[in-house]
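Here is the structure we will look at, set down as structure tokens.
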Amino acid sequence: MADAQSARPPRSQMAPPVNLFLFGAHGDLVKRLLIPSLYNLTRDGLVGEALHIIGVDHNKVSDEAYRDKLAEFMQSQADKSKPQGEGDSSAGLDPALWKRLAERTTYLEGDFLDEGTYQAIARRIEASGTNNAIFYLATAPRFFCEVITRLAQAGLLKEGDDQFRRVVVEKPFGSDLKTAEELNAGILAVMDERQVYRIDHYLGKETVQNILVSRFANGLFEAFWNNHYVDHVQITAAETVGVEQRGNFYERTGALRDMVPNHLFQLLAMVAMEPPAAFGADAVRSEKAKVIAAIRPQSPDEARRNSVRGQYSAGDVGGTQVAGYRQEPRVAPDSCTETYAALKLWVDNWRWAGVPFYLRTGKRLSVRNTEIAICFKPAPMSPFRDTHVHGMRPNYLIIQIQPDEGMWFDFQAKRPGTTLEIDNVQMGFAYADFFAMRPSTGYETLLYDCMIGDQTLFQRADNIENGWRAVQPFLDAWQGCTDVHTYPAGTDGPQAADELLKRDGRAWHSLK
Ligand code: BG6
């Protein structure tokens with residue numbers, strides 16, 4: 001998905017030489033996602049000898065101890081995912097492959113706020129044989145601007161003909177419109193937008209990238225992709241997990257901030273955007289910015305009426321008894337933080353005028369299911385008078401993001417027999433039937449794209465701000481504890497969320 005005008009290596013080629021500095025080297029993100037992704041990129045021949053990985057953090061450990069710690073974690077994950085009864089316990093992790101990656105991984109002890117750390121980084125770059133550097137901020141958000149400012153002060157963000165300097169910023173990017181604007185202003189005061197790679201890991205998912213391909217590589221869908229045929233759109237990200245050990249973070253964040261302006265809006269943008277003129281970063285991101293900017297602002301009263309927030313109580317998820325949110329570690333016993341959010345939005349443009357978009361996300365729901373359900377208008381009249389056909393279900397196109405990745409059409413067919421009866425059937429495409437998917441974390445594409453300089457799958461400053469602008473009315477409306485609806489863990493969310501659609505004569509697409 002590279003810009004046509006720039007001379008970048010083809011996507012199947014080895015990435016250019018680079019020093020990849022991982023700030024927050026001891027954090028979960030690095031060990032769970034970044035190192036496994038770099039391992040997979042090594043396996044696929046997309047990174048090689050010229051990649052230098054440098055973990056940066058304040059703890060004092062040797063290179064060897066750091067590598068051992070990463071190896072131990074990788075091995076434990078490989079053991080966990082290995083099917084029962086398989087032979088040797090090291091089967092999941094290829095020792096030769098790991099060695100190749102480990103040899104290129106070192107550690108730099110340094111305080112993120114100390115000038116000396118940045119001098120040490122400059123020395124590492126000098127000694128590496130390449131001037132290219134990517135600074136990946138896998139840190140707590142309070143360090144984002146601090147680190148970037150210090151990188152700039154140390155002259156480490158200056159680019160030249162023979163060197164690129166890029167910064168990857170993780171989520172959460174701000175906690176509302178004001179903080180996101182401030183963060184963007186702080187970053188863009190010292191570096192160019194071209195150098196900033198704001199991550200939303202949903203964009204690393206194959207199924208999310210496939211939405212654009214399905215829409216724009218096929219003539220078929222465009223014909224009915226508009227308000228003439230679409231009744232409404234539902235976007236769901238249902239999780240069975242609770243807040244786990246992240247109580248501290250989640251208490252300040254809640255489901256709305258955690259999932260909606262970023263992940264769910266990415267899905268909304270992919271479904272609702274206009275065709276870009278080219279598949280390059282500027283064209284794609286401009287279309288996305290336009291569609292998110294077209295989300296109708298709601299007054300506080302409208303926002304209250306068009307939203308539902310919920311919080312899970314104790315319950316049974318897949319046969320396991322689990323605690324309620326208020327009993328989770330590092331959560332206040334009288335917390336009002338929402339673990340479920342449902343919104344009704346409108347995209348005020350020519351294509352979608354009058355089509356509601358219903359979004360929902362929640363933790364500790366009955367199943368894990370991320371999907372987009374496009375619900376079509378009913379047939380203009382029913383010719384089945386005086387038959388056994390009473391009422392017809394709406395047709396849906398389901399874009400299944402995870403698990404069981406694929407796309408399905410739900411429609412009606414005649415049930416075999418002498419009477420005219422109809423039933424609901426499905427026609428579908430499952431990824432697994434067509435493509436051999438190698439194990440991946442979703443971060444591979446994002447890391448690789450950053451190395452080759454393709455920003456298509458990263459958030460531009462205006463995309464981020466438009467997202468916060470669209471949820472701000474709900475953040476403002478959700479003050480205090482009234483209207484936080486409780487739902488037992490293992491169910492499909494609060495009843496009030498069903499009411500949100502019921503009053504429009506609609507229903508949520510079943511989660512199962
Ligand atoms: C993260 C949120 O950004 O996305 C988590 O902070 C959430 O709370 C996760 O669980 C969901 O990601 P995925 O890829 O499992 O759908």
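Remember, it's 1-based here, ligands and their atoms both numbered in the order they're listed. Everything numeric here is computed off the predicted structure, so don't read it as measured data.
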Could you check if a side-chain atom of Glu371 sits within less than 4.5 angstrom of a side-chain atom of His509, using non-hydrogen atoms only?
-> yes

Residue from Tyr197, Phe135, Phe21 passing side-chain contact (heavy atoms from CB on, under 4.5 Å) with Val168 = Tyr197

Among all protein non-hydrogen atoms, which one is nearest to atom 12 (O) of ligand 1, and what is the separation to 0.1 Å?
-> His201 NE2, 3.1 Å

Does any N or O atom in Arg246 lie less than 3.5 angstrom from one in ligand 1, N or O only?
-> yes

For residues Glu251 and Ser335, is any side-chain donor paired with an opposing acceptor at under 3.5 Å?
-> yes

Please identify which atoms of ligand 1 are closer than 4.0 Å to at least one heavy atom of Lys363.
-> 5 (C), 7 (C), 8 (O), 10 (O)

The atoms of ligand 1 lying under 4.0 Å from a heavy atom of His263, numbered in the order shown, are 1 (C), 3 (O), 4 (O)

Do me a favour and list the nearest non-hydrogen protein atom to atom 10 (O) of ligand 1 with residue, atom name and distance?
-> Glu239 OE2, 2.5 Å

Contact region, Tyr250 to ligand 1, non-hydrogen atoms below 4.0 Å, reads neither

Which atoms of ligand 1 sit under 4.0 Å from any heavy atom of Lys171?
-> 1 (C), 2 (C), 3 (O), 6 (O)

Would you kindly say whether Ser366 and Asp492 are connected by a side-chain donor-acceptor distance under 3.5 Å?
-> yes

Ring pair (Phe, Tyr, Trp, His ring centres under 6.0 Å) against Phe23, all qualifying residues, sequence neighbours excluded | Phe112

Which residue supplies the protein heavy atom nearest to atom 14 (O) of ligand 1, what is that atom called, and how far is it?
-> Lys205 NZ, 2.6 Å

According to the interplanar angle, ranging from 0 to 90°, do the rings of Phe474 and Trp478 count as parallel (below 30°), tilted (30 to 60°) or perpendicular (above 60°)?
-> perpendicular

For ligand 1, is there an N or O atom under 3.5 Å from any N or O atom of Asp258?
-> yes

Is Tyr358 close to Trp508 at the side-chain level, that is, under 4.5 Å between some pair of heavy atoms?
-> yes

